[in-house]
2 protein chains.
Amino acid sequence: MTTLKQKILQVSTDLFQTRGINSTGVDTIVAVAGTTKMTLYKYFETKEELILAVLQQSHQDFQTWMNDKLGVFNDKPDEKIQKLFDFIEEWVTSPSFVGVAFIKASAEFPNEENRIHQLSSQQSREFRQFISKLAQEAQIKDADGLAMQLSILFEGAVQAEQIKRGSGAIKSAKKAAKSLIDLAIKQS
Amino acid sequence: MTTLKQKILQVSTDLFQTRGINSTGVDTIVAVAGTTKMTLYKYFETKEELILAVLQQSHQDFQTWMNDKLGVFNDKPDEKIQKLFDFIEEWVTSPSFVGVAFIKASAEFPNEENRIHQLSSQQSREFRQFISKLAQEAQIKDADGLAMQLSILFEGAVQAEQIKRGSGAIKSAKKAAKSLIDLAIKQS
DNA sequence: TATATACTATACTGTATAGTATATTTTAAG
DNA sequence: CTTAAAATATACTATACAGTATAGTATATA
């Protein structure tokens, strides 16, 4: 069963990504979701809270999906980081992909004091730490260094893909990632 | 002498980067620039034209700056691509750096039919072609492939830096770039 | 001095926005 | 059948925004 709250979240996620966050009014959201503002404001105190909820949901969805995919290699920890960008490619090229929420949000809310910016920043950091953990498990010496490089490739490729769909950026990033991982392994 | 038009452009560039484009009204711009809306609309037909002008100006400023820096190595074309990320680092860490205009603009205007998005996309492509030319001059075989990888590193590092100032992303991207360039040279 | 140009001051129009108030209808459970 | 909760319908407030209209001032040049 899809509750109205979930429907509002899903529609918001979609509209924020395809039209921009500030450019999407709550009137548009409720119209597309087939409900009214009264209902929206019952579940979300303000538009800011709705945006934060969309960010949380998107990030959690991705993390859950990725953990499932990598779970297959639980007994061979060194393969996880090798496969990471294969799954990123799969995820980015899937038809339902509409972009990475925290990348867009941080651009629309550049002020570091803003709660939305802060959450974006935190999610970016969390994903980098996630990569670093994979690198550690693969016995890589400078795990943090490699994680930073790979997260830059990730954010850059997604950015390039958002600026021009089908640019081939993901494939290129995957190749670069493999090179950098190989190099890091050699130095460990 | 700074003309009012230049002043408006400069103030807009700054406000767009620090507060976001859609979140910055023309009233704020003229207030900060110390002029009136009548004057702004004398030089720029619409806000959209102003945004486009800001993008053009920012891109040209960067290209000019970079060409000057690389001009020193005009007689050793293979050194240019090696030094590229050193200058990118210098540029990004300079106090006047406020971000890369086309990266933010493409996030705030995600629709591919939008003129602002189209210009952003074009500028991203132009910068990639610029890198590709450097790679060709350095006798690198897969120049386009390397250029794509390096432009992803560039956009990713800038993105990471916008999400968290002083994250060290540029240093990390520079290191990754050197590795990828070395690898591409070996394969040429 | 005359005249054009650049700029200012300010009030206005029309639209979009976030959020609220009030009353009504639907739905589900005792 | 009754009652409470969930959702709708609609009108409203208050503010912000892009862009315009009108009237006036400052400056430079011919």
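Everything numeric here is computed off the predicted structure, so don't read it as measured data. Sequence lines set the chain letters: A, B, ... in the order given, protein chains first and strands last, and positions in each chain run from 1.
The side chain of A/K42 lies closest to D/dA6 when the candidates are C/dT8, D/dA6, D/dT8. The side chain of B/T36 lies closest to C/dT8 when the candidates are C/dT8, C/dA18, D/dA18. When distances run from any side-chain atom of A/D27 to the nucleotides C/dA6, C/dA18, D/dG19, the shortest one goes to C/dA18.
Mapping A/G34 and B/T24 onto DNA chain D by nearest heavy atom places A/G34 at the nucleotide closer to the 5' end. Across the interface with DNA chain C, nearest-nucleotide mapping of A/M38 and A/G25 shows A/G25 to be the residue nearer the 5′ end.
Distance alone, capped at 3.5 Å, is enough to place a donor-acceptor pair between the B/S179 side chain and the B/K175 backbone. No donor-acceptor distance shorter than 3.5 angstrom exists from the side chain of B/T35 to the backbone of B/A31, with no hydrogens or angles considered. The backbone N or O of B/A157 sits nowhere less than 3.5 Å from a side-chain atom of A/E155 that would complete a donor-acceptor pair.
Between B/Y43 and the phosphate of C/dA6, there is no side-chain N or O to OP1/OP2 separation shorter than 4.0 Å. An OP1 or OP2 oxygen of C/dG19 is reached within less than 4.0 angstrom by no side-chain nitrogen or oxygen of A/K37. For C/dG19, neither phosphate oxygen OP1 nor OP2 lies less than 4.0 angstrom from any side-chain nitrogen or oxygen of A/K47. OP1 and OP2 of C/dA18 both lie 4.0 Å or more from every side-chain N or O belonging to A/T46. Note on B/T39: every side-chain N or O is 4.0 Å or more away from OP1 and OP2 of C/dA6.
The nearest whole Å value for the distance from the CD atom in B/E45 to the C1' atom in D/dA18 is 14 Å. The separation between A/N22 atom CG and C/dA16 atom P is 17 Å, rounded to whole Å. Whole-Å rounding puts the A/I29 CD1 to C/dG19 C1' distance at 13 Å. For the pair B/F44 CZ and C/dA6 P, the computed distance is 15 Å after rounding to whole Å. With rounding to whole Å, A/I8 atom CD1 is found 15 Å from C/dA18 atom C1'. Distance, B/Y41 OH to D/dC17 P: 11 Å, rounded to whole Å. Summarising the geometry, the separation between CG on A/L4 and P on D/dA9 is reported as 12 Å, rounded to the nearest angstrom. Between the CD atom of A/E49 and the P atom of C/dA18 there is a distance of 15 Å, rounded to whole Å.
In this structure, B/F127 has its ring center closer than 6.0 angstrom to the ring center of B/F62.
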Apply side chain to side chain contact (heavy atoms under 4.5 Å, CB included) to the pair B/E161 and B/V92, showing each step before the final yes or no.
CA-CA 9 Å; B/E161 196 66 26; B/V92 168; 4.1 Å; yes
